[in-house]
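A quick write-up on the structure given underneath.
First the proteins, then the strands, lettered A, B, ... as listed; each starts at 1. Values reported hereafter were calculated over all heavy atoms of this structure, with side chains retained and with hydrogens, waters and symmetry mates removed.
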Protein chains: 2
Amino acid sequence: MSERAWELVLQHVESAMLAGDLAVGDRLPGERALSADLGVGRSSVREALRALEVLGLVRTATGSGPSAGAFITATPQGGMSALMRLQVAARGFPVADVVATRLLLERTVAERLAERNAAASPEASGPVGTGDDPLADARRLLDAMDAPGLPAADFIGLDAAFHLALAVAAGNEVVAATMAGLRSGIERYTIAGAEAVADWPRMAARLRAEHRAVLDAIDAGDPALAGARIHEHISRYHADTAVPATRGTRP
Amino acid sequence: MSERAWELVLQHVESAMLAGDLAVGDRLPGERALSADLGVGRSSVREALRALEVLGLVRTATGSGPSAGAFITATPQGGMSALMRLQVAARGFPVADVVATRLLLERTVAERLAERNAAASPEASGPVGTGDDPLADARRLLDAMDAPGLPAADFIGLDAAFHLALAVAAGNEVVAATMAGLRSGIERYTIAGAEAVADWPRMAARLRAEHRAVLDAIDAGDPALAGARIHEHISRYHADTAVPATRGTRP
DNA sequence: GTACCAGATGTGGTCAGACCACACCGCGCG
DNA sequence: CGCGCGGTGTGGTCTGACCACATCTGGTAC
């Protein structure tokens with residue numbers, strides 16, 4: 001009863017998705033049609049669509065024809081990134097907690113990847129896998145990071161993509177999206193930290209070596225080693241680039 | 001340039017938070033004032049506020065006086081819950097991945113809690129802690145679950161609160177919020193699963209015992225045991241109550 | 001002097017209508 | 001047959017109006 005009109009629209013869309021009437025890729029009715037169907041104003045429909053958009057559930061396109069309109073699109077990384085970024089900005093998520101969570105998730109991801117290789121290796125190029133390397137993307141990114149004279153900002157971007165590629169390779173959508181979000185939440189501090197590094201080429205070289213070491217441990221099927229190495233990699237970087245940016249939260 | 005008007009408002013608020021001009025508890029300027037200040041329509045301001053609201057960053061209240069208006073409030077659990085719930089509804093997050101992530105996080109939480117106790121116990125009622133039991137809430141919830149004749153729905157609610165209490169006790173805001181969100185995402189299936197259990201009192205008794213066992217392992221300062229027990233607890237429950245609800249994703 | 005009640009005030013919530021920019025679609029011209 | 005230009009329908013935005021609500025204010029009754 002005391003329901004706000006836009007929440008009604010939100011629930012309508014959610015119900016439709018749960019019932020299977022709306023799936024990823026489907027186009028929603030036009031804003032004017034939804035407005036008329038649900039008996040609410042168009043502005044209320046738009047507020048609900050905005051909410052769905054920031055959560056990564058809807059993508060809108062202007063114009064006309066089949067490619068225009070609002071589409072269902074499950075892109076949780078976008079929503080997760082916005083959530084983390086803003087919660088960090090509002091001091092609801094301490095940066096330390098974000099880093100700790102990333103540490104936790106990434107260590108487990110590395111362990112799982114190594115475990116999978118350990119289970120598969122006894123079969124000697126086992127026929128189970130189709131031969132595709134789930135870490136191909138990660139390896140490609142590592143090679144790209146070897147480019148000499150790479151600007152720090154570009155390196156950081158590739159670094160983020162590498163860590164995300166590991167999470168994606170682990171095959172868990174939720175973990176991958178969360179990792180992407182966590183990274184976004186502390187991106188500002190990561191960049192600031194990199195810029196404060198005195199000898200960046202040296203740091204980049206160290207990071208490259210550590211990345212390779214992590215991948216080697218995964219390939220070797222050694223969960224404990226892979227976990228320890230990635231844990232060390234991340235915590236060491238954050239310790240070395242710690243910026244007193246979280247100070248002064250008291251006015 | 002091609003910025004949508006409501007994104008401009010969003011960025012304005014984010015910048016203000018990062019600059020410290022807006023902090024949790026502060027009241028935002030009125031919608032009409034923001035509209036005038038930023039040179040956008042009031043509807044665009046409202047769309048941005050709606051986005052902030054679903055992300056758990058803003059709370060609005062009607063009326064007049066000091067308690068009315070839009071306030072900054074970092075309540076990430078709300079935003080995380082909406083995100084997870086809708087992504088699961090859209091099949092962007094497979095239920096299995098949500099469960100796996102919960103397993104991962106909760107196991108680590110239990111291990112950390114046990115580790116903390118292991119480190120503190122040698123000191124024999126060490127003076128480090130103030131004497132407060134961080135798991136007091138969890139214990140209280142366990143006691144509440146002992147109530148005879150408790151309806152399954154109420155039990156499920158207390159169970160969720162118990163698991164969340166563990167995450168909160170670990171002291172990581174991000175993990176706690178994520179856990180709450182994960183739980184919300186699969187709440188529907190959890191309830192459906194419980195209702196399908198033939199001998200619920202027996203199941204409840206088992207769950208109660210497992211909860212106590214987990215807490216005992218934590219108190220004993222045994223990380224491996226605590227982790228294994230909570231892993232077993234969750235995975236066993238989901239295996240026993242598995243509902244073929246994720247089937248039929250193909251129309 | 002005090003207690004209380006009624007109107008003024010200002011907030012978010014909603015609706016209606018209008019206009020714009022944009023991308024497609026089809027008719028008609030060359 | 002090919003091409004261009006206007007029609008059409010989409011989201012994006014703005015404006016103005018009204019409502020519900022909680023508070024504040026001031027006057028009135030006691």
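Boundaries of the chain B contact region on DNA chain C are C:dG10 to C:dT14, first to last in 5' to 3' order (nucleotide atom under 4.0 Å from a heavy atom).
Contact check for B:L141 versus B:D159: no side-chain heavy atoms found under the 4.5 Å cut-off. At a threshold of 4.5 Å between non-hydrogen side-chain atoms, the residues B:L166 and B:I230 count as touching. Between B:R107 and B:I234, the closest side-chain pair of non-hydrogen atoms is not below 4.5 Å.
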CA sep, side-chain torsions, deciding dist, call: A:R140, A:D133, salt bridge (charged side-chain N to carboxylate O under 4.0 Å, His left out): CA-CA 11 Å; A:R140 201 170 4 256; A:D133 178 9; over 6 Å; no
B:Y189 and B:V99: side-chain contact (heavy atoms from CB on, under 4.5 Å), yes or no, with the steps? CA-CA 11 Å; B:Y189 302 93; B:V99 173; over 6 Å; no
Show your working on salt bridge (charged side-chain N to carboxylate O under 4.0 Å, His left out) between A:E47 and A:R4 and close with a plain yes or no. CA-CA 11 Å; A:E47 288 182 22; A:R4 279 124 106 209; over 6 Å; no
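Sorted by residue number, the members of residues 22-32 of chain B with any non-hydrogen atom under 4.0 Å from DNA chain C read B:G30, B:E31, B:R32. Non-hydrogen atoms lying under 4.0 Å from DNA chain D are contributed by A:R42, all within residues 33-45 of chain A. Within a heavy-atom distance below 4.0 Å of DNA chain D, the residues of residues 56-65 of chain A found are A:T60, A:A61, A:T62, A:G63, A:S64.
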Report all side-chain donor-acceptor pairs from residues 72-80 of chain B shorter than 3.5 Å, counting only partners two or more places apart or in another chain.
| from | atom 1 | to | atom 2 | distance (Å) |
| --- | --- | --- | --- | --- |
| B:T75 | OG1 | B:G56 | O | 3.2 |

Pair up each side-chain donor or acceptor in residues 143-150 of chain A with any protein partner under 3.5 Å, not counting sequence neighbours, and list the distances.
| from | atom 1 | to | atom 2 | distance (Å) |
| --- | --- | --- | --- | --- |
| A:D143 | OD1 | A:R212 | NH2 | 3.1 |
| A:D146 | OD2 | A:R212 | NH2 | 2.6 |

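A distance of 5.5 Å separates CG in A:L49 from CD in A:E31, rounded to the nearest 0.5 Å. Of the inter-residue distances, the one linking A:L83 atom CG with A:S184 atom OG reads 11.0 Å to the nearest 0.5 angstrom.
Taking atom CD of B:E3 as the reference point, atom C1' of D:dG12 lies 13 Å away to the nearest angstrom. The nearest whole Å value for the distance from the CG atom in B:L8 to the C1' atom in D:dT13 is 13 Å.
Mapping A:W6 and A:P66 onto DNA chain C by nearest heavy atom places A:W6 closer to the 5' end of the strand.
Shown here is B:R188, whose CZ atom has no more than 12 heavy atoms of other residues, nucleotides or ligands within 6.0 Å.
Classification of the B:H211-B:H163 ring pair by plane angle, with boundaries at 30° and 60°, yields perpendicular.
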